[in-house]
Amino acid sequence: MISLPSFPSQQISEIQYPNFQEFSFDSSLLQKLHSCKSEKELKGIHSLIIKSSPSPQAQQFIYNKILSLCSSITPLIDLGYVHTLFTQLPNPNISLYNSLIRCFSGSRSKQSSLIILLFYHVLIEKGLIADNCTYPFVFKACAQLCDLRQGEMVHVHVIKNGFVLNLYVVNTLMSFYGSLGAVMDVRKVFDESPQWDLVSWTTVIQGYVKNGYWKEGVDMFLEMVEAGYTADEKLMVVVISACAKLGDLSLARKLHNYICDHRVKFDVFVGNALVDVYLKCGDTDSACKVFNKMPSKNVVSWNSMISGLTQKGDFKAALNMFRKMQDKGVKIDEFTLVAALNSCANLGTLELGKWIHAYLDRNRIEVDGFTGNALIDMYAKCGSIHAAVGVFDRMKLKDVYTYTTLIVGLAMHGEGGMALKLFPEMLDMGIQPDEVTFVGALTACTHAGLVEEGHKYFADMSRVHNIKPQMQHYGCMVDLLGRAGLISEAIRFVEDMPVEPDAFILGTLLGACRTHGEVELAESIMEQLATMEPDKDGPYILMSNIYASANKRKEALQLRKGMKRRKLRKAPGCSSIELDGAVYEFRKGTEYFPLSPAKGEECVSKINFCLQLELYILFQSLGVTSNMMVLSLGTSSSCLGKERNTILNHLQSGPANPFYPGPADL
DNA sequence: ATAGGGTTAG
């Protein structure tokens with residue numbers, strides 16, 4: 001039972017945290033309150049307290065305790081209950097308001113943020129003054145709601161009440177401006193603050209970096225070092241991520257050295273940032289070294305490796321990582337799958353791509369946004385354009401990437417008409433096309449032979465959509481005109497371009513010359529190309545084909561000699577097939593090997609890569625077509641029966657397939 | 001009681 005000495009009420013309001021021993025309070029109740037960990041327990045104790053019918057003074061004290069307890073066990077707590085509790089308090093002071101607000105800051109939803117702002121306005125109306133514990137939550141709520149004006153208003157209150165001297169308040173204020181992209185305001189608050197700590201520097205640097213001012217962020221870091229501060233691991237992560245965006249390898253090495261020299265804690269965040277920066281700067285070896293040295297890895301570490309290798313174009317290494325990650329039992333997430341799908345798309349490993357699709361379905365991961373876009377791309381690039389369309393149709397959240405991916409995919413499959421139907425549909429949905437969408441639309445026009453339509457898209461690009469044509473778009477137009485046989489128009493187009501044609505454009509023209517037998521024109525273009533890119537074999541190959549089809553043997557021979565003189569060799573053709581989830585790659589004149597390492601690593605040497613066409617037919621006759629597809633076929637045709645049988649034996653009885661776990665494994 | 005961190009596309 002609680003028995004209180006009776007205080008005059010004015011005195012009570014001055015004592016914020018009375019010593020509970022003065023209440024001769026049943027200490028077991030208070031102890032229970034302290035050790036309480038769940039809402040249920042809390043409510044139980046609450047009812048016990050009500051039953052003990054405390055005096056108003058004791059009630060204020062206890063409710064105060066309960067409320068601060070609530071704010072420490074969020075988000076487990078029922079916010080409605082918290083609010084009811086709060087309304088029981090007769091004259092809540094600012095610290096009680098802070099406790100209340102803290103309860104609502106746990107859920108980080110838009111609704112809770114609105115409620116926090118509401119409480120903030122109520123407390124001001126009641127004549128209370130917010131303090132250093134109120135403002136951080138209020139700024140967080142403004143950031144969550146993307147409400148710049150509201151935040152600016154609170155900023156004024158902060159100035160009026162003198163809280164610009166409080167680092168907690170100033171730092172959250174900067175973080176608020178930074179999250180809304182107001183970089184100048186972040187800097188202004190920083191410059192006007194009379195004192196800084198490491199968090200202030202981190203916040204201002206992050207303000208720059210998050211908004212794309214990578215160079216400024218790095219410069220600010222250097223300024224900080226100059227001013228005598230020492231960075232911690234949290235700041236280093238920000239600076240390293242800026243360095244990754246800049247792609248500056250020598251800076252990356254300097255930052256790595258800084259970490260070692262200053263004994264910055266090498267935690268999983270720092271490790272991940274380093275792995276990422278080395279991969280983005282093209283130094284795979286260093287990335288692997290850091291990755292292997294990391295004391296603890298998480299899903300992000302693996303994702304960084306996989307997506308980094310994918311972006312570098314090392315798709316096989318990426319998929320091997322993906323497999324290794326699963327072997328280690330690391331739980332994969334959407335980031336993993338998007339990166340893996342990207343690799344599948346580029347390698348043409350449809351089976352693995354399908355497996356990932358099934359994985360998404362099985363784990364009830366919504367096929368939307370990033371995952372949906374990656375799936376569409378994978379199916380389109382692996383030749384299953386119908387599956388790509390199927391994914392597209394089921395997606396609820398379509399963005400410019402979704403439309404562009406499918407437009408490009410359809411165009412590449414010769415479905416120019418279907419691709420061009422999507423374009424106006426996209427505009428109707430209120431989605432603005434970007435420069436890549438126009439590359440897709442122009443390619444679609446090329447493949448459908450729609451010259452007029454192409455001109456219209458090209459004109460609309462700058463006129464209606466305010467996108468300046470880039471070299472790629474000029475290239476598309478040259479290709480469009482060239483393939484349609486309008487060579488002279490293509491030449492005129494190149495001459496009228498506001499920029500000098502690059503090797504790609506000239507190569508496109510050369511391709512048009514080949515299709516339409518324009519030998520003399522080809523020769524003059526070839527001359528230009530040979531000076532621009534003396535090391536490329538492509539133009540020579542094209543030109544020799546042009547001579548060959550014009551029956552000009554002598555010229556062709558001379559060209560070959562020229563190639564030899566320049567030590568140019570035709571890059572070997574390359575092709576691959578997928579069988580039961582393993583990719584077999586064929587290179588002309590070399591050996592073939594399965595994509596996956598380990599058991600299947602032994603190579604069968606010197607197999608002509610074009611064998612696969614025959615293999616495909618053979619497999620069809622054997623009735624094993626379902627797991628196999630041919631991605632691209634070579635053009636030469638010499639074939640050795642013995643070697644073919646070797647491959648057949650190898651594929652049928654050989655290394656354990658599939659290398660990737662099938663749907664049944666998970 | 002209250003502030004700052006890494007990975008995803010066409």
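Every heavy atom of this structure was used, including side-chain atoms; hydrogens, water molecules and symmetry mates were not. The chains referred to below are lettered A, B, ... by the order of the sequence lines, with proteins before strands, and numbering in each begins at 1.
- Nearest nucleotide to the side chain of C133(A), out of dG10(B), dT8(B), dA1(B): dA1(B).
- The shortest distance between the side-chain N/O atoms of N342(A) and the OP1/OP2 oxygens of dG10(B) is below 4.0 Å.
- Taking side-chain N and O atoms only, K280(A) has a distance below 4.0 Å to OP1 or OP2 of dT8(B).
- Using a 3.5 Å distance cut-off with no hydrogens or angles, the side chains of Y135(A) and H157(A) do not pair a donor with an acceptor.
- Residues forming a side chain to side chain contact (heavy atoms under 4.5 Å, CB included) with E233(A) (at least two apart in sequence, or on another chain): V264(A), K265(A), D267(A), V270(A).
- On a pure distance criterion of 3.5 Å, no polar donor-acceptor pair joins the side chain of T405(A) and the base of dG10(B).
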Under 3.5 Å donor-acceptor pairs involving side-chain atoms of residues 469-477 of chain A, not counting sequence neighbours:
| unit_1 | atom_1 | unit_2 | atom_2 | d |
| --- | --- | --- | --- | --- |
| H473(A) | ND1 | Q470(A) | N | 3.0 |
| H473(A) | NE2 | E435(A) | O | 2.8 |

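- In the region residues 205-213 of chain A, proximity to DNA chain B at under 4.0 angstrom, judged on heavy atoms, holds for Q206(A).
- Between F370(A) and F335(A), the ring center distance fails the sub-6.0 Å criterion.
- One donor-acceptor pair, N or O on each side, does fall under 3.5 Å between the base of dG4(B) and the side chain of T202(A).
- Within residues 162-173 of chain A, the residues that have a heavy atom under 4.0 Å from DNA chain B are, in order of number, Y168(A), N171(A), T172(A).
- Between L180(A) and D185(A) the shortest side-chain heavy-atom distance does not fall below 4.5 Å.
- Residue-level contact check: D131(A) touches neither bases nor backbone, having no heavy atom under 4.0 Å from any strand.
- In this structure, the ring pair (Phe, Tyr, Trp, His ring centres under 6.0 Å) partners of W201(A), at least two apart in sequence or on a different chain, are F190(A), W196(A), Y229(A).
- For L198(A), counting side-chain heavy atoms from C-beta on, the closest listed nucleotide (dA1(B), dG4(B), dT2(B)) is dG4(B).
- In this structure, the ring pair (Phe, Tyr, Trp, His ring centres under 6.0 Å) partners of F438(A), at least two apart in sequence or on a different chain, are F423(A), H465(A).
- Listed here is the closest heavy atom pair of C133(A) and N98(A): CB-ND2, 3.4 Å.
- Side-chain atoms of N373(A) lie closest to dA9(B) of the nucleotides dA9(B), dT2(B), dT7(B).
- Of the N and O atoms on the side chains of T203(A) and N171(A), not one donor lies less than 3.5 Å from an acceptor on the other residue.
- Aromatic stacking is not marked for Y401(A) over dG10(B), as the cut-offs of 5.5 Å for the centres and 30° for the planes do not both hold.
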